[in-house]
Amino acid sequence: MGNHFIMIAGEEAGPASNKMGGIWNVIHEEAHTLAALFDSGKLKAKENTEILIAGPYFGHRGADWNRGLNRITNMDGLAPLSADGELKKSLKTLENEGIKVFTGEEMVGETRIGYLQFQTSDFGKIRSSYMGKEMTLESRIKAEAYELLELDSLKYENFPNGPEYTHYLSLSHSISELSRLLVSSAPRTADTWAEEAGSSKDLIPCPGISLHCHEFGTFYAPARLKKNWEYR
């Protein structure tokens, strides 16, 4: 039986990257509280449940979309992510697409929290293709967003906060792509098919992942997943 992943996603990249309102604090405490409840038995988890925190990776000065803050991700103190099975394969597929993910993990009792930090700052340099045309990964993401949801990046990227928009779109795309890969790789069982048969057509059957998105910066992720599912 495959793992069940609880992914908590947001615009966070470690304590040094805390934004107004302390989004890192919120996501960090949510993950740790959930892990502690699972570990204590006060909250019953599905079999093979793992918690994942997904956010951006700012590896050096200037990588942050907000150049005035120069936030740098610090993953010191985390152990290497012991990914295997579906998660390992999905991360490898992302790497092949040009999406680089920095990883780590920590334990709360017997419950693991995995950290997945997506580097979006170089998407404008990575070569990709969309609908038979060669372009950058960043352009591909924007073209797909327009095709799926008529999201006009040409308009929004010219706003004063254009770099923020581009970063959020790229981050959301990466998070949703990992979610899609995990769901696609999840094994189908008799219970899975019965659950899907009884679901509303407006819902996305996700036997392998529960996705919780914080802040508008990651809201394109569930919208993209919904549209991709509708086109299946």
Side-chain angles (χ1 to χ4, degrees), residues 7-33 35 50-83 87-88 90-92 94-108 112-128 136-139 141-142 153 156-157 159-179 211-221:
M7 186 184 299
I8 305 171
E11 171 61 15
E12 56 78 21
S17 299
N18 236 337
K19 294 176 63 182
M20 185 182 299
I23 190 58
W24 163 260
N25 292 342
V26 173
I27 292 174
H28 183 263
E29 288 305 315
E30 179 181 345
H32 277 251
T33 299
E50 296 185 46
I51 300 172
L52 301 174
I53 293 180
Y57 180 82
F58 304 131
H60 55 82
R61 294 177 65 86
D64 187 354
W65 57 265
N66 189 330
R67 301 296 174 85
L69 293 180
N70 277 317
R71 298 175 293 184
I72 299 177
T73 304
N74 183 354
M75 301 181 73
D76 291 345
L78 296 179
L81 182 68
S82 52
L87 181 57
K88 184 176 182 179
S90 297
L91 289 173
K92 182 62 177 177
L94 286 183
E95 182 182 336
N96 292 338
E97 293 179 10
I99 299 175
K100 190 168 185 178
V101 190
F102 292 83
T103 63
E105 73 174 40
E106 63 179 335
M107 301 296 295
V108 175
R112 184 181 75 169
I113 300 177
Y115 290 80
L116 309 173
Q117 310 297 138
F118 297 87
Q119 181 173 297
T120 66
S121 58
D122 56 354
F123 280 13
K125 303 174 185 176
I126 297 170
R127 301 306 299 173
S128 186
T136 65
L137 177 57
E138 184 178 284
S139 295
I141 290 170
K142 291 176 180 178
S153 296
Y156 296 114
E157 67 188 0
F159 284 5
N161 60 341
E164 180 180 8
Y165 164 81
T166 299
H167 165 70
Y168 284 165
L169 189 70
S170 297
L171 178 62
S172 289
H173 172 94
S174 302
I175 291 169
S176 67
E177 186 65 2
L178 176 60
S179 302
L211 177 61
H212 182 193
C213 291
H214 285 267
E215 292 192 307
F216 62 86
T218 55
F219 287 175
Y220 173 61

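Numbering starts at 1 and runs along the sequence shown.
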Applying side-chain hydrogen bond (donor to acceptor under 3.5 Å, both in side chains), name anything that partners [X], two or more places apart in sequence or on another chain.
X	result
Glu30	His212, His214
Tyr220	none
Ser82	Glu105, Arg112
Ser176	Arg224

With the side chain counted from C-beta on, respond yes when [X] and [Y] share a heavy-atom pair under 4.5 Å apart, and no when they do not.
X	Y	value
Tyr168	Phe219	no
Glu157	Leu169	no
Thr136	Arg127	yes
Glu164	His167	no
Phe123	Ile141	yes
Leu91	Leu81	yes
Glu106	Tyr115	yes
His173	Thr120	no

Closest heavy-atom contact between [X] and [Y]?
X	Y	value
Ile53	Ala31	CD1-CB, 3.6 Å
Thr218	Ala9	OG1-O, 4.0 Å
Gly98	Leu137	O-CD2, 4.1 Å
Ser121	Ala63	CB-O, 3.6 Å
Gly104	Met75	N-CE, 3.9 Å
Phe58	Arg71	CB-O, 3.2 Å

Please round to the nearest 0.5 Å and tell me the distance separating atom [atom1] of [X] and atom [atom2] of [Y].
X	Y	atom1	atom2	answer
Ser90	Glu177	OG	CD	9.5 Å
Tyr57	Asp64	OH	CG	13.0 Å
Ile126	Ser139	CD1	OG	12.0 Å
Leu171	Thr166	CG	OG1	12.5 Å

- Task: Not counting sequence neighbours, which residues clear ring-ring contact (aromatic ring centres under 6.0 Å, His included) with His28? List them please.
- Result: Trp24, His32
- Message: Applying ring-ring contact (aromatic ring centres under 6.0 Å, His included), can you list everything that pairs with Tyr156, at least two apart in sequence or on another chain?
- Response: Phe159, Tyr165
- Item | Leu52 and its side-chain contact (heavy atoms from CB on, under 4.5 Å) partner, picked from Thr103, Ile113, Ile8, Leu87 | Leu87
- Message: Checking side-chain contact (heavy atoms from CB on, under 4.5 Å) between Phe118 and each of Ser174, Ser172, Pro56, Ser170, which is the one that passes?
- Response: Ser174
